[in-house]
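Each remark here refers to the structure printed beneath this line.
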Amino acid sequence: MDTSQLAKFYKKSHLEKINALEAAGVINAEDAENLRRDQLDLSKETGDHMIENYLANYSLPFGVAMNFIIDEQEMVVPMAIEEPSVIAAASFAAKIIASSGGFTTAVSDRLMIGQVTLKGIDDLPAAAETVLSHKEAILSRANEAHPSIVKRGGGAKNMDVRLLSEDDSDSPTFLSVHLHVDTKEAMGANIINTLMEGIAPYIEELTRGTALLRILSNYSTECLATSTCTIPVSKLSTPQFSGDVVRDRIIEATQIATVDPYRAVTHNKGIMNGVDAVVVATGNDWRAVEAGVHAYASRSGQYRSLTKWTKNEAGDLVGTLTLPLPIGTVGGSIGIHPGAKLAHAILGHPTAKQLESVLASVGLAQNFAAVRALVTEGIQKGHMGLHARSLAISAGAKGEQVQRVADRLKEAPHKNLAAAKDILNNLDK
Ligand code: MEV
């Protein structure tokens, strides 16, 4: 990638941005032409095949976050998001973090979990023993249910059992059989559901119970990605505060988000601003990622901050974020949606593990940007600066009026829709 083409990217016109991405080698000529011709939408025919009762496409702005260096590789990160400040904040944070080496990531094996949960078993401990003693037979039956994933080197790799009580008491009611499945490049929902439905009759036979549920778990605790960054205090100072003060404030703010769920939810929402935007852009299932991430934030029994910010011996600020990331690079809408295909191309067609690294790094960058702003100048200055254009459009501004209204709104005492309408009505007076 020739990053010299991407300097001051945000200042370029729409066409210049597309040309720069092409010149930098981020996108090829065909993708650039599709962007110039505004051809990122699903066709009506594809939309109609994808869902029941299809009416139209519902669009989100699709853009790129800049300045990311992840595991020593420069990356341009595609995002689909309606919130005005997310891409700007991610790019800002990534620039500071890139100037001190970028993000370093570690990704676990990608094992997804499926559950067959049974009821009506008289002797649950004995049934659990029986299931465990038939582990190899169950794994083979699971793999026979989906030969193509086995051919690709994946499939069911392990099994365990859990006894569940209906009311959190000590006396169990249900038996849950977990398969741990390597879904390779896929998120794997369909693969796992096929496996679970495939083994359920055999498990019913073994336990004499009834399989009530046969489905994947979106709590993918064996598919984790961690991103870390180290930022020297010299990169943290603002006109108001020294670098040491900003560092300590970021650490304190994260301590608050670790002990207070009211703050933790907002803190983690800021992380997910970036993560979701990339998950959506790459055609992945953001509901699965969201559900799993928030369960992971509660794994201690209390909902807590997902990031940790500390200082090392040199006094640098060190950030870490670990997320469960059940995403894929094949399957679902990924090969169908033109926007998702472009997003994968922009990322250089990453493997699922590499995409996990990007997601964890984007989440860490987004959190750094948000918390740094909160503990220094506050969030509204940057946020409202970018929100001004949306307000101008809501007020009815068209073409070059949008920027003119936005510019005046930034200076106005009240930055709201009424003020935007007032400015628009008086624009040329
Ligand atoms: C806004 O979308 C996200 C923030 O509220 C996150 C945070 O408070 O950390 C700014």
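Note that the structure is a prediction, hence the values are computed from the model and not measured. Residue numbers start at 1 and run along the sequence shown. One-based numbering, in listed order, for ligands and for the atoms of each. Values reported hereafter were calculated over all heavy atoms of this structure, with side chains retained and with hydrogens, waters and symmetry mates removed.
Side chain of R247 to backbone of D316: no donor-acceptor contact under 3.5 angstrom is found.
Taking a 6.0 Å sphere around CD of Q240, one finds it holds more than 12 heavy atoms contributed by other residues, nucleotides or ligands. Counting non-hydrogen atoms of neighbouring residues, nucleotides and ligands closer than 6.0 angstrom, the NZ atom of K95 reaches no more than 12 such neighbours.
The pair D428-R404 counts as a salt bridge, with a side-chain nitrogen and a carboxylate oxygen less than 4.0 angstrom apart. Ion pairing between a basic and an acidic side chain is recognised when a charged N comes within 4.0 Å of a carboxylate O; E356 and K353 show no such pairing. With salt bridges taken as basic N to acidic carboxylate O contacts below 4.0 Å, one links D407 and K410.
The atoms of ligand 1 that sit less than 4.0 Å from any heavy atom of I379 are 10 (C). Interface atoms of ligand 1 facing H267, defined by a heavy-atom separation under 4.0 Å, are 9 (O). In summary, the atoms of ligand 1 found under 4.0 Å from a heavy atom of L374, numbered by their order in the structure, are 7 (C), 8 (O), 9 (O). Residue contact check: K269 has heavy atoms under 4.0 Å from atoms 1 (C), 2 (O) of ligand 1.
Among protein heavy atoms, the minimum distance from atom 6 (C) of ligand 1 is reached at T266 O, 3.5 Å. With respect to atom 1 (C) of ligand 1, the closest heavy atom belonging to the protein is E83 OE2, 3.6 Å. The shortest contact between atom 7 (C) of ligand 1 and any protein heavy atom is with R263 NH2, 3.4 Å. Among all non-hydrogen protein atoms, the one lying nearest atom 3 (C) of ligand 1 is N273 ND2, 3.5 Å.
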